Number of protein chains: 2
Amino acid sequence: MGRKLDIGELLRQQPVFREMSDELLQRLAAVAIQVRAAKHQLVFRRGEQATGIYIVATGHVKLAIPSPQGQEKVIEFFRPGQIFGDAVMFLDRPYLVDAEALEDSLLIWIDKHHLYEAIDHEPALARHLLVSLSQRLHFLMQDIESVNLQTSTQRVVSWLLRQPRRATDAGTQTSFAVSKNLIASKLGLTPETLSRVLHQLRIAGLIQVEGRDILIHDADALEQCMAG
Amino acid sequence: MGRKLDIGELLRQQPVFREMSDELLQRLAAVAIQVRAAKHQLVFRRGEQATGIYIVATGHVKLAIPSPQGQEKVIEFFRPGQIFGDAVMFLDRPYLVDAEALEDSLLIWIDKHHLYEAIDHEPALARHLLVSLSQRLHFLMQDIESVNLQTSTQRVVSWLLRQPRRATDAGTQTSFAVSKNLIASKLGLTPETLSRVLHQLRIAGLIQVEGRDILIHDADALEQCMAG
DNA sequence: CGACAACTTGAGGCTGTTCAACCTCCGTGG
DNA sequence: CCACGGAGGTTGAACAGCCTCAAGTTGTCG
């Protein structure tokens, strides 16, 4: 699926390629491929071999580990500008996770061989990739910390507080970008448990829940219930 | 603590620097610093700022997240040739973990500034760093999978099977490089639970335990008890 | 030999899961 | 216009697995 219309422009908009020389960017654009993924479509599956990386141009993608029993564990969500599939590519190993589009998405795919070539000529690109990988390593460590050392309430609260929020007159508001099912899986909880935790926080007067929107009345008070 | 004796030689022995030009290696060696860490000594602490990376020359280092209640969660172990502290350095964030020497160790420390310079001149180095980060991202994902989707027995078994083993007449043998306390923490279990699991496997005739040495009678049978 | 750390074993409790029912919101088709 | 159906979400009761705490055992090193 690869029309090659304005890929150069598309690439230029991504943080990773921002500092790149025009010439090199055009060379990359010439070999980059647009991939359209419809909602619910798998971009790749666990076990498949990685031969390149994906950059999200528009849309929303999730990485999740499938399990034989049907339940899955969500590892991460990816938004426009983010890269995924790079770790396994550098390792020459099969994917550990499924990648699924959460909405109709436009991805850019770059072949391993061309990427390596670009890295060799553009140290800034290498740095960006190093930062991108580091970022995700950092997030994963936080997830491991949260699963191993925190209770369900602490996990939900610390996750709430980490979300970007906008101020309103009754507190600050945030909202789930995805279904609560997926949030629960990301936090290592069952949907039932997440629902109960949110209920507890609600009757404690700390938050207000309305569908996917959550109003945080008192962020400081929430922080407190992390400690206790 | 940096005598600068044969750092060039030491660096050359590490996979990351193997392909590097002599000139650049000597430049790095000139600014690299030897760090000796005695057993139980902390190399860095959570919260401190990272200004460079560490490479293990000799010894054994663990990364662990400390928790207010005193228990800690072991994230990873590092052996000679491995790099740590790079992710936070690239991100310019404070350490998330403590780094502690498990035995008297010799580390090489390279300042961020010099490392960036080396990356810019030596694409092969960037590639090695990318691979190193990818490797650890991969391991962390496996850990997350194991904590979220597997029972205590499955975790222990899959860990046993992933260890390097040498053949003996009664099966294949492996041995803990560190105390069972640390293994338990790495697997996200309490020491008590690990002990009980090993006991179960022993009375099931699947393994034989002798201190830190474990004899695996039938690897296939072990695999079976992963599924059931 | 004594002291301390590492490890084991047992009993009991708690957190989160499982399973099942129900509810609510929507889009669809009669 | 309303009945239907299904997905996403909530609630309840009972259970299971792992943890906690406490005591006992083994091993190791002065």
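What you see is a predicted model; the values in this text were computed from it and never measured. Protein chains get the first letters and strands the later ones, always in sequence-line order, with residue 1 at the start of each.
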field: Separation of atom CG in A:Leu194 from atom C1' in D:dG9, rounded to whole Å
entry: 10 Å

- prompt: Expressed in angstrom and rounded to an integer, what is the separation of B:Leu189 atom CG from D:dG17 atom C1'?
  reply: 11 Å

message: Within this structure, what is the NZ-CD1 distance for the pair A:Lys73 and A:Ile65, rounded to the nearest 0.5 Å?
response: 8.5 Å

statement: From CD of B:Gln200 across to C1' of C:dT8 the rounded distance in Å is 13 Å

- request: Look at the side chain of B:Arg196 and the base of D:dG17, then say whether one donor and one acceptor between them are separated by less than 3.5 Å.
  value: no

statement: Closest of C:dT17, D:dG8, D:dC19 to the A:Thr190 side chain is C:dT17

- line: Per atom distances to the B:Thr193 side chain, the nearest of D:dC18, D:dG9, C:dG16 is D:dC18

message: OP1 or OP2 of C:dT8 versus the side-chain N and O atoms of B:His199: is any pair under 4.0 Å?
response: no

message: Can you tell me if A:Arg12 has over 12 outside heavy atoms packed within less than 6.0 Å of its CZ?
response: yes

message: To the closest 0.5 Å, what do you measure between CG (B:Leu194) and CG (B:Leu182)?
response: 11.0 Å

query: Starting at CG of B:Asn181 and ending at P of C:dC4, how long is that distance when rounded to a whole Å?
result: 18 Å

- request: Would you indicate which nucleotide in C:dG16, C:dT9, D:dC19 comes nearest to any side-chain atom of A:Ser152?
  value: C:dG16

query: Between B:Lys180 (NZ) and C:dA5 (P), how many Å, whole number?
result: 19 Å

query: Between C:dC7, D:dC18, C:dG10, which nucleotide has the shortest distance from any of its atoms to the side chain of B:Glu192?
result: C:dG10

query: When the distance from CG of B:Asn148 to P of C:dT15 is rounded to whole Å, what number comes out?
result: 20 Å

- prompt: In whole Å, what is the span from the CG atom of B:Leu102 to the P atom of C:dA5?
  reply: 17 Å

message: Tell me the interatomic distance from B:Arg202, atom CZ, to C:dT9, atom C1', rounded to whole angstroms.
response: 11 Å

- request: Look at A:Glu72 together with A:Arg46 and state whether they make a salt bridge at an N to O cut-off of under 4.0 Å.
  value: no

- prompt: Can you find a donor-acceptor pair, distance only, under 3.5 Å between B:Gln71 side chain and D:dC19 base?
  reply: no

message: I'd like to check B:Ile203 versus B:His199 (side-chain heavy atoms, cut-off strictly below 4.5 Å). Are they in contact?
response: yes

message: Please confirm whether the shortest side-chain N or O distance from B:Ser179 to OP1 or OP2 of C:dA6 is below 4.0 Å.
response: no

